[in-house]
Protein chains: 2
Amino acid sequence: MDMISALTAFSALSQKTRLEAFRLLVTAGDAGMSAGDIAEALDVRQNTLSANLAVLLQAGLVRNQREGRVIRYFADTDGMRGMLGFLLQDCCGGRPELCQPLIEDLTCGC
Amino acid sequence: MDMISALTAFSALSQKTRLEAFRLLVTAGDAGMSAGDIAEALDVRQNTLSANLAVLLQAGLVRNQREGRVIRYFADTDGMRGMLGFLLQDCCGGRPELCQPLIEDLTCGC
DNA sequence: TCCATAATTCATGACATATGGAAATAAAGA
DNA sequence: TCTTTATTTCCATATGTCATGAATTATGGA
């Protein structure tokens with residue numbers, strides 16, 4: 001992940017509808033969710049959500065797949081990992097003692 | 001960390017100068033960096049950087065401290081942890097099997 | 001073929017954000 | 001006190017972003 005990709009990813013997550021949609025897809029896991037279901041869950045119009053999903057797609061944070069009439073969206077864990085790695089990489093590179101407790105805190109029991 | 005704080009943090013990191021400044025401060029660690037040194041390192045004007053540091057401050061991603069004439073900035077690891085936790089929390093909550101490899105990948109050897 | 005459904009694309013107006021110049025504040029030293 | 005240095009604040013402008021309404025594409029079924 002380079003600087004531009006990271007900026008795109010952070011920018012994508014800096015908007016309420018998109019952050020909510022992304023979290024929804026993360027919890028949905030492999031099942032994913034159709035664009036319509038996401039729009040209904042978040043109470044936003046289809047075209048508004050469509051534009052926001054397009055931003056998440058371009059940021060590499062979600063994937064999609066047409067299934068007949070519906071288009072199903074999934075969280076892209078690789079994209080998420082790349083973005084987080086971009087931040088933590090620097091932390092570890094320079095100061096392992098800062099990184100250690102941060103990582104430990106993120107394991108959140110699973 | 002709530003939704004609004006997370007949005008503020010992601011928004012703060014979605015701008016090149018701010019993301020660069022934050023990474024600079026992360027690697028600087030406890031030593032921190034003065035506003036002037038950051039401005040010079042990133043080749044941006046002081047007033048522009050000042051505005052951007054104010055955004056990072058408000059997002060809780062950096063702290064500062066006056067030392068005589070200079071104002072020294074530090075990365076706020078608590079803020080960083082809160083932001084990352086906000087994303088990973090959902091991942092773990094719903095799907096531990098998604099979270100596990102993601103966490104493992106983030107430990108990056110330290 | 002015709003219609004209904006699902007979702008996207010396009011154009012527009014409203015609002016927010018970033019940057020630069022100039023001025024202001026704060027501290028240190030002569 | 002006056003000057004210099006470090007940094008911030010104010011203001012204007014240019015740019016970017018977001019949601020909306022209308023039109024468009026794509027699919028499935030009558």
Side-chain angles (χ1 to χ4, degrees), chain A residues 3-25 28 31-76, chain B residues 3-25 28 31-76:
Chain A
M3 171 67 66
I4 292 176
S5 303
L7 283 172
T8 307
F10 285 124
S11 177
L13 293 177
S14 69
Q15 204 270 349
K16 185 162 177 281
T17 301
R18 289 196 294 264
L19 183 51
E20 287 177 341
F22 182 69
R23 296 179 84 206
L24 216 49
L25 290 175
M33 285 180 76
S34 72
D37 288 348
I38 300 173
E40 189 181 9
L42 301 182
D43 194 28
V44 295
R45 308 197 172 199
Q46 279 193 337
N47 55 359
T48 295
L49 180 71
S50 181
N52 283 319
L53 287 176
V55 174
L56 287 171
L57 268 178
Q58 207 208 342
L61 291 169
V62 306
R63 290 174 293 109
N64 68 0
Q65 161 185 325
R66 181 175 276 277
E67 290 176 4
R69 275 194 285 203
V70 311
I71 297 182
R72 187 169 294 275
Y73 282 81
F74 307 87
D76 188 326
Chain B
M3 172 68 66
I4 292 176
S5 302
L7 283 172
T8 306
F10 285 124
S11 176
L13 294 177
S14 68
Q15 203 270 350
K16 185 163 178 280
T17 301
R18 288 196 296 264
L19 182 53
E20 287 177 340
F22 181 70
R23 296 179 84 206
L24 216 49
L25 290 175
M33 284 179 77
S34 71
D37 287 348
I38 301 173
E40 189 181 9
L42 302 182
D43 193 27
V44 295
R45 307 202 171 196
Q46 279 192 335
N47 57 355
T48 295
L49 181 71
S50 180
N52 282 319
L53 286 175
V55 174
L56 288 170
L57 268 177
Q58 206 208 342
L61 291 170
V62 306
R63 290 174 292 111
N64 68 0
Q65 163 185 325
R66 179 175 278 276
E67 291 176 4
R69 274 194 285 204
V70 310
I71 297 182
R72 189 168 294 274
Y73 283 80
F74 307 87
D76 188 326

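Every chain is numbered from 1 and lettered A, B, ... according to where its sequence line falls, protein lines coming before strand lines.
- Counting to the nearest Å, the P atom of dT24(D) and the CZ atom of R69(A) are 21 Å from each other.
- For the pair T48(A) and dT20(D), the criterion of a side-chain N or O lying under 4.0 Å from OP1 or OP2 is met.
- At least one side-chain nitrogen or oxygen of Y73(A) sits closer than 4.0 Å to the OP1 or OP2 atom of dT8(C).
- Here dC18(D) presents its C1' atom at 14 Å from CG of L56(A), a figure rounded to the nearest Å.
- Nearest nucleotide to the N52(A) side chain, out of dA6(C), dT8(D), dA19(D): dA19(D).
- A residue-by-residue look at R18(A) and R66(A) shows that R18(A) has its nearest nucleotide of DNA chain D further toward the 5' end.
- Counting only N and O atoms by type, the side chains of S50(A) and N47(A) include no donor and acceptor under 3.5 Å apart.
- Of the candidate nucleotides dT27(D), dA19(D), dG21(D), dG21(D) has the atom lying nearest to any side-chain atom of N47(A).
- Distance F10(A) CZ to dT17(C) P: 18 Å, rounded to the nearest Å.
- Under the 4.5 Å side-chain criterion, counting only non-hydrogen atoms from C-beta, F74(A) is in contact with Q65(A).
- Here the P atom of nucleotide dA6(D) and the CD atom of E40(B) are 10 Å apart, to the nearest Å.
- Between Q46(B) and dT7(D), a side-chain N or O to OP1/OP2 separation shorter than 4.0 Å is present.
- N64(B) places none of its side-chain heavy atoms less than 4.5 Å from the side chain of R72(B).
- A straight line from CD of Q58(A) to C1' of dT17(D) spans 14 Å, rounded to a whole angstrom.
- Rounded to whole Å, the distance from CG on L53(B) to P on dT7(D) is 10 Å.
- In the set dT7(D), dA28(C), dT8(C), the nucleotide with an atom closest to the side chain of I71(A) is dT8(C).
- Partner of I38(A) under the side-chain contact (heavy atoms from CB on, under 4.5 Å) criterion, chosen from T17(A), V44(A), L49(A): L49(A).
- For T17(A), the side-chain atoms get nearest to dA19(D) when compared with the rest of dT5(C), dA19(D), dT19(C).
- With DNA chain D read from its 5' end, the first of the two nearest nucleotides for V70(B) and V55(A) is the one closest to V70(B).
- Atom pair L19(A):CG and dT17(D):P shows a separation of 18 Å (rounding to whole Å applied).
- A heavy-atom distance below 4.5 Å is not found between the side chains of T8(B) and S5(B).
- When rounded to the nearest whole Å, the span between CG of L42(A) and P of dA7(C) equals 13 Å.
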